[in-house]
Amino acid sequence: MGNQPIHWADVIAHDVAGPQVIATGITPSGNIHIGNLREVVTGDAIRRAIISSGAEGNLIFIADTFDPLRTVYPFLPPRFKKYVGMPLSEIPDPFGCCVSYSEHYLAPFLESLDELAITPGVYRADLMYKAGQYTTAITTALEQRDKIAQIIETVSGRRLEPQWNPFNPLCAHCGRISSAEILQHVPEMTCVEYRCQCGAEGVADYSKGEGKLAWRVDWPARWKILSVTIEPFGKDHAVAGGSYDTGRLISKEVYDYDPPRPVPYGHIHLKGQGKMSSSKGITVTIQEMLDVVPPDVLRFMIIKTKPEKLIDFDPGLGLLTLIDEFDHGRGRAVELSEVSGQTSTIPFRHMVTAVQIARNLDELIEVLRRSGYTSHNVRDLKRLAENVGNWLDRFAPSFVKFKVQETLPVQAKTLTKGQKQVLLKLAAALKLDSNDPEWLHNEIYNISAQLGVDAKSSFKAVYIALLGENSGPRAGWFLASLNPQFVVSRFEEAGST
Ligand SMILES: [Zn+2]
Ligand SMILES: [Zn+2]
């Protein structure tokens, strides 16, 4: 492996010195999909690379639970209009099952992270504000309002209103966090006086979470509060004049803190559908993916690709190719993707065949035994079988699906004399009691050559006799997986009609 280029995560690890804090985060305003997963997996790959370089690396995850609800998303009931502008942590769960809106979307995401062997330190923005972790940063921001406004205007080219402030008070009357104007700052009491668009006036104590910093200021404030040194984030924040550009300057000039090393990453597109987006309903959730692939494969999809490159994700046939690549792969990307406790030695592609032959777990174990896979733990096997079953149901292209026919398919009438001879010879070969998949596969070629039949047409005969189709799974492995008596009598029947 000496000639392999250094993996991108190791490049980052080599570049930094001393203990590292890698920050990731998401606003839990809707289903958290595998597009969002890229950030956390990228961060975790960097953490692993840093640790294997001998340094200290910590991954943290900040949930932006204190962000306001921006709009009534299509998946929300219309009555949620009254919550627009309120922090996600303060809005009830639209489905009524969790303590808040934000928790409803956050909890399943954190559970999936666990399955992916990613265990970041988790912070919830609303709790950080309520605990006073931001207090000093807010005082500084309010005192340096003009400097911050100037940075934002110069770098982003955006014009700010004269009444703009880096801090948004939470209105005690209407509960909104983005519609009040600050009248006065009283730093010694950590308070601001405000007037809200709802007509109310009041006093907000920012040491108690009664408001939050504007996003472009919140981000650099957080770098300092949590000592962040590396941060992966979506490419859209990395554009010139974007929030990383303004954040970097605010970090240096207002908070006197060295901004983290940026790791901008590209989107994950869903093949043929474009960028994944919760609000547009173009998503595959992480749980849906984990229903289908082992967690290490999901990590691998992200880790094998350089962060700045777009991932065009195809959950159909592309997923099989990805799994093959992982199963046969070596090298750093595989290493950085491994999730301990995943011990399946059965190739996914073979399971796709085995699961479609077997009708229950006992049969599955038998089918696998015939094709040479004997050592497996039943729990892992069950899980893999479930993964494969889900994939077949939801994403598999129709041509990989098949059903072994219980009786001779009507299509057998179309078999030529040559094809029938091939089947009879194959039946005889199977009686020799050799069900080595590779031997059987080669035997189809040998028999074809002996009889002067085109090999393609021999394979077709095999599939017609068993499936009533012109194609099917890799023949040698397929035949080896089936009950040999069944195959022998089927081929004899097909060959003698
Ligand atoms: Zn819920
Ligand atoms: Zn109000």
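One-based numbering, in listed order, for ligands and for the atoms of each. We count residues from 1, following the sequence as given. Atoms considered below: every heavy atom in the structure, side chains included; atoms not considered: hydrogens, waters and symmetry mates.
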Report the C-alpha distance between Tyr265 and Phe233 in whole Å, list the side-chain angles of each, state the deciding distance to 0.1 Å, and finish with yes or no for ring pair (Phe, Tyr, Trp, His ring centres under 6.0 Å). CA-CA 6 Å; Tyr265 60 83; Phe233 50 83; 7.7 Å; no
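A donor-acceptor distance shorter than 3.5 angstrom exists from the side chain of Ser371 to the backbone of Leu368, with no hydrogens or angles considered.
Among the atoms of His173, none of the N, O or S atoms falls under 2.8 Å from the Zn ion (ligand 2).
The aromatic rings of Phe95 and His104 lie parallel to each other, with less than 30° between the two planes, well short of the 60° mark.
When rounded to 10 degrees, the angle formed at the Zn ion (ligand 1) by SG (Cys98) and OD2 (Asp93) equals 110°. Rounding to the nearest 10°, we obtain 110° for the angle at the Zn ion (ligand 2) between Cys171 SG and Cys198 SG.
Between the Zn ion (ligand 1) and the N, O or S atoms of His104, the shortest distance is to ND1.
Checked by atom type, the side-chain pair Thr139/Tyr206 shows a donor-acceptor distance below 3.5 Å.
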